2 protein chains.
Amino acid sequence: MSGRNEIKPPAKPASIKDIARLAKVSHSTVSRALHNHPLVNAKTAERIRQLARKHGYRPSAAARSLVTQRSFTIGVVVTTISDPFVAGVVGGIEEIAAAHGFSVFLANSNADPEQEVRVVQSFDERRVDGIVVTSSRVGALYVPVLSRRQVPIVLLNNQHPSQFAYSVVINSTQGASDVTAHLIELGHRRIAFLGDEFGRQSDTERLAGYREALTQAEIPFNRHYIVHGDGKAEGAITAMGKLLALPQRPTAVVCYNDMSALGAMHCIHGAGFTIPGDISLVGFDDLHMSQYLNPPLTTIRQPMHEMGRLAMQTLIAILSGVISQQNFTVPGQLIVRASTAPPRKEP
Amino acid sequence: MSGRNEIKPPAKPASIKDIARLAKVSHSTVSRALHNHPLVNAKTAERIRQLARKHGYRPSAAARSLVTQRSFTIGVVVTTISDPFVAGVVGGIEEIAAAHGFSVFLANSNADPEQEVRVVQSFDERRVDGIVVTSSRVGALYVPVLSRRQVPIVLLNNQHPSQFAYSVVINSTQGASDVTAHLIELGHRRIAFLGDEFGRQSDTERLAGYREALTQAEIPFNRHYIVHGDGKAEGAITAMGKLLALPQRPTAVVCYNDMSALGAMHCIHGAGFTIPGDISLVGFDDLHMSQYLNPPLTTIRQPMHEMGRLAMQTLIAILSGVISQQNFTVPGQLIVRASTAPPRKEP
DNA sequence: CAGTCGGCTGCAAACGTGTGCATCACTTGA
DNA sequence: TCAAGTGATGCACACGTTTGCAGCCGACTG
C-alpha cells in the first residue's frame, strides 16, 4: 500500500463548460444536447454535438456518477484469473457488461482472506453497482457490503453459498452422476473418485453424484477409492499415486475437474500405464485444451462463458428493478472422448 | 448499448458530512483526520477515526478523484482473457496494481476494431491513470488518447509497436533461435516452422530466430517447411497436416506457441506418429499445462506473470514522475522436456 | 392591444471530497 | 497588559456533472 504519494496529474481534458463556452450556451444546454433531450433546439443541439466531437469531449464518469448515484461499474472477484475456468467466466461477464455500458473491475483474491477484505473495501469505495464472486470459499464475506449498501451480489459456483445472495451454479451432482454412469455402462466396477480438498460445496456434490450412480448400479462403495487433490494438476498427481499404489487398482477414475485429470493423466503415463487401456479417466469442466489432450478427455462440459453471461444478466436485471430468479442451476453436458473405454478383460 | 435506462439507485452510503455531524466537527476536520494530517488534534482525530470505522464509512473514490484529478485506476485491454498467456499477464498486472492502491478495469477487444474504439472511449470517460495493452494488433490505435490526455500507455508483446509508447516484449528472436539450436544439437536437420498468420511482429521475429539458428548451423532454408496457423490449436492442426503431407516430412517442428504445439501434437498423434520418436516438437510460452502434456513439452518459458508485473511497475514509475526506461525486452528461457529427442536413424 | 402559451435557455443547487486561507482560543514572553 | 505566536478548527471554493425551476422571447388568441 505504498506509492500513492507524489503522483503528478495528467493533462486536463475538456470539460462540459469548455464546450459551453465555445458554443456560447450554458453548460446545462450542452448536457441536454448530449443526452438528446427534446427540450433543446435541434439545430443548436447538432452544433453542440459537432463541437463536442471535434474537441474530443468525453464526460467525466466520476462527476456523473457523483450526481446520479450510479457508477455503471461492477466488481468481479476471482481467486486467480490464471485458472482457465475462471477466465472463461470472466470473459462472459465482460461481454454482457460491455454491451450494456458497464465497466468491470477485476480483482484477484488468491483465496487470501486479508486480500478479500481489501477487495471489498476497494469495491465499496468505487461504489460499484454490483459484484460477482467466482469460485470463492468466502462469498459470505461479501454479504456485509450488501447489507450496508444494498449492492446486489451474484455468487458463481461458490463453495459456501448464502441464501441472501443470488447465485449461478453448475449442477455438480448431476454431472458427476452422468459421467460415473457412463463409466459403469462401459463395464467398469472399480471406479475411484479424485476430489478437491478445498472445494467444499462442489466437491461434496460431485462426490454425492458419484455415489448416487454407484448406488443406482448396486456397486458397493469402497472408501479406499476416494482420494483428494487440490483441484490442480499438482495435487492430483500425488492423489493419483495413492490410487496406483492400491493392491487392487481402480479401472477408472472420476476427477474433480479437468486440471486434476491432467495431473492424473501425467501420473498414470509416468507409471507406465495406458489410458484408456489400463485406466479410464474422466474430468469435469471441458476446458478448451481437453479436446486436444492425448488421449482427448471425456468430461462434463461446464458452459463457463454462458454462466458468466448469465451472472451479469442477472445483475443487470436486479439493477433494472426486474424481479429476477434467485438461484440458477445450469446443467453440465457429458462429452465422450477417447479417455474412456471398456475395462480390460480380467485374466 | 441498451439498458442504461430506468436503473434504480442503491442505498446511499455514509458521507463525510454524516461523520462530521456525528463528531460535531466540520467535514474538513474529518477529511484531515482520516488522512492523518498533523494539524488536527490527536485525540479528536482518533475519535473521528473510530466513528468512521464504526459507521463503515468509505470515502467516495469518484468525489475524491474529481478534486485530485487522479482516479487510481488503470485500464487493461486484452484480445481475450481466455488466452492463458494473457490471463497470466493480467494476473501480474493486477498484483502490482492492488499493492499500490490501483484498481484495474478489464476489457476484451476480441481483436475487433469497433470494439477497441469503444474500449478507448470507456477508459477515457473513466479517466484511467494509465493503460496496458496486451498482445493487440492495433496498439497504435490507443495513441490518440495518449496525445490528448497524456495518459501513459504500456504495450505488452504488441504486434505493431509504436515508438511513442512504452513497451515490454519477450525476446522472440532469441527464444526461437535457442529452441531451434536445441533441435539442431540433437541432430535434426529437417526442421519446420509452424507460425501464426496473425502475429505480425512476433511471428516475424520468431521466424527470424529460427532462420538465424539454421544459418548458424549451415542448414539450407526450405520454404516448404514454413507453414502458418492462427496461434491457436485449431489452426495448428490444419497447418501440421500440410507438413505431414510433405514427401519428405520434417523430423522436428518449431511452433509459434504452446497452444499451436498442442494442436500440432493432436494432429501428429491422430496420424499415427509418435513424439518424439517420429517427430520432435517444441513450443513457446511454457503454459502451466505444458509440463503435464503427453509427452511434456519442450518450450521457451515466457515469464508472463513477471512481464505483467513489469508493465504495471513501469506505469507506476511514469505516474510517479520517475524517468523510466522506454522499452524492456525480457529473455525467454529454454525448458527441455520429453517432446524432443534425437531424430530416428535414417534407414 | 393585452394576455397567454409554448419552445427554448440559463440559474442554481446538489453530489462528496480536498485544501488554502482566515479565524479563534489559548499560551508565552517582554 | 499587550503583542506575538502556536495549535486547532471552520469557511468557502473547486472539481464536472445532472436536473428542477424560473425566466425570456416570440407568436397566437380574443
Side-chain angles (χ1 to χ4, degrees), chain A residues 4-7 9-48 52 55-73 124-127 129 149, chain B residues 4-7 9-49 52 55-72 124-127 129 149:
Chain A
R4 278 189 81 141
N5 328 316
E6 314 145 33
I7 290 199
K12 249 168 107 176
S15 86
I16 199 172
K17 292 187 183 174
D18 296 329
I19 305 299
R21 202 175 309 119
L22 291 165
K24 297 188 198 306
V25 294
S26 77
H27 72 277
S28 327
T29 304
V30 176
S31 173
R32 281 189 268 260
L34 298 177
H35 284 83
N36 297 318
H37 195 289
L39 276 187
V40 43
N41 183 286
K43 274 177 294 185
T44 333
E46 186 49 37
R47 188 167 53 89
I48 291 174
H55 290 80
Y57 166 73
R58 294 263 147 240
S60 155
R64 168 183 295 159
S65 70
L66 202 54
V67 30
T68 61
Q69 301 286 350
R70 295 300 313 280
S71 67
F72 282 98
T73 60
D124 206 359
E125 293 192 1
R126 304 286 180 193
R127 302 288 191 264
D129 293 335
R149 263 192 67 229
Chain B
R4 276 189 80 143
N5 330 316
E6 316 147 30
I7 290 198
K12 250 170 109 176
S15 87
I16 198 171
K17 292 187 184 174
D18 297 329
I19 304 300
R21 201 173 311 117
L22 291 165
K24 298 187 198 303
V25 293
S26 76
H27 77 275
S28 327
T29 305
V30 176
S31 173
R32 281 189 268 259
L34 298 177
H35 284 84
N36 296 319
H37 195 291
L39 275 187
V40 42
N41 183 286
K43 273 178 294 183
T44 336
E46 187 48 37
R47 188 166 54 89
I48 293 175
R49 278 191 288 267
H55 290 80
Y57 167 73
R58 294 267 147 235
S60 154
R64 169 183 293 159
S65 71
L66 202 53
V67 32
T68 61
Q69 300 286 347
R70 296 299 313 282
S71 67
F72 281 98
D124 206 359
E125 293 192 1
R126 304 284 181 195
R127 303 289 191 263
D129 292 334
R149 264 192 66 227

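Numbered from 1 within each chain, the chains take letters A, B, ... in sequence-line order. All figures in this text were calculated on a predicted structure; none of them were measured in a lab.
- The distance from the CG atom of B/L66 to the OG atom of B/S60 is 9.0 Å, given to the nearest 0.5 Å.
- If you take CD1 on A/I19 and CD1 on A/I48, they are separated by 9.5 Å, rounding to the nearest 0.5 Å.
- The side chain of A/T44 contributes an N or O atom lying less than 4.0 Å from OP1 or OP2 of C/dT9.
- A/H55 places a side-chain heavy atom less than 4.5 Å from the side chain of A/L22.
- Taken to the nearest 0.5 Å, the CD atom of B/E125 stands 5.5 Å off from the CZ atom of A/R64.
- The separation between B/E46 atom CD and D/dA8 atom P is 15 Å, rounded to whole Å.
- Here D/dG16 presents its C1' atom at 18 Å from CZ of B/R64, a figure rounded to the nearest Å.
- Note on A/Q69: a side-chain N or O is less than 4.0 Å away from OP1 or OP2 of C/dG16.
- Atom OH in B/Y57 sits about 7 Å away from atom C1' in C/dG16, given to the nearest Å.
- For the pair A/H35 (side chain) and A/H37 (backbone), a donor-acceptor distance under 3.5 Å is absent.
- Among the heavy atoms of the strands, none lies under 4.0 Å from A/S65.
- As a whole-Å value, the separation of A/K17 NZ from D/dG16 C1' is 7 Å.
- B/S26 OG to B/R21 CZ: the interatomic distance, rounded to the nearest 0.5 Å, is 12.5 Å.
- Checking B/R127 against B/V25, the closest nucleotide of DNA chain D that is more toward the 5' end is the one next to B/V25.
- Side chains of A/P13 and B/R127 form a contact here, defined as non-hydrogen atoms less than 4.5 Å apart.
- Comparing the start and finish of the helix from C/dC1-D/dG30 to C/dA30-D/dT1, five pairs each, the helix axis swings through 70°, to the nearest 10 degrees.
- Residues A/S71 and A/R126 have side chains not in contact (no heavy-atom distance under 4.5 Å, counting atoms from C-beta outward).
- Applying the salt bridge (Lys or Arg N to Asp or Glu O under 4.0 Å) test to residues at least two apart or on different chains, the pairs with a partner in residues 22-48 of chain B are B/E46-B/R49.
- Whole-Å rounding puts the A/R47 CZ to C/dC8 P distance at 14 Å.
- Between the NZ atom of B/K12 and the P atom of C/dT17 there is a distance of 11 Å, rounded to whole Å.
- A heavy atom lying under 4.0 Å from DNA chain C marks the following residues of residues 27-43 of chain A, by number: A/H27, A/S28, A/T29, A/R32, A/L39, A/V40, A/N41.
- An OP1 or OP2 oxygen of C/dG10 is reached within less than 4.0 angstrom by a side-chain nitrogen or oxygen of A/S26.
- Straight-line distance from the CZ atom of A/R58 to the P atom of D/dG16: 17 Å, rounded to whole Å.
- Nucleotide C/dG16 holds its C1' atom 15 Å from the CZ atom of A/R126, rounded to whole Å.
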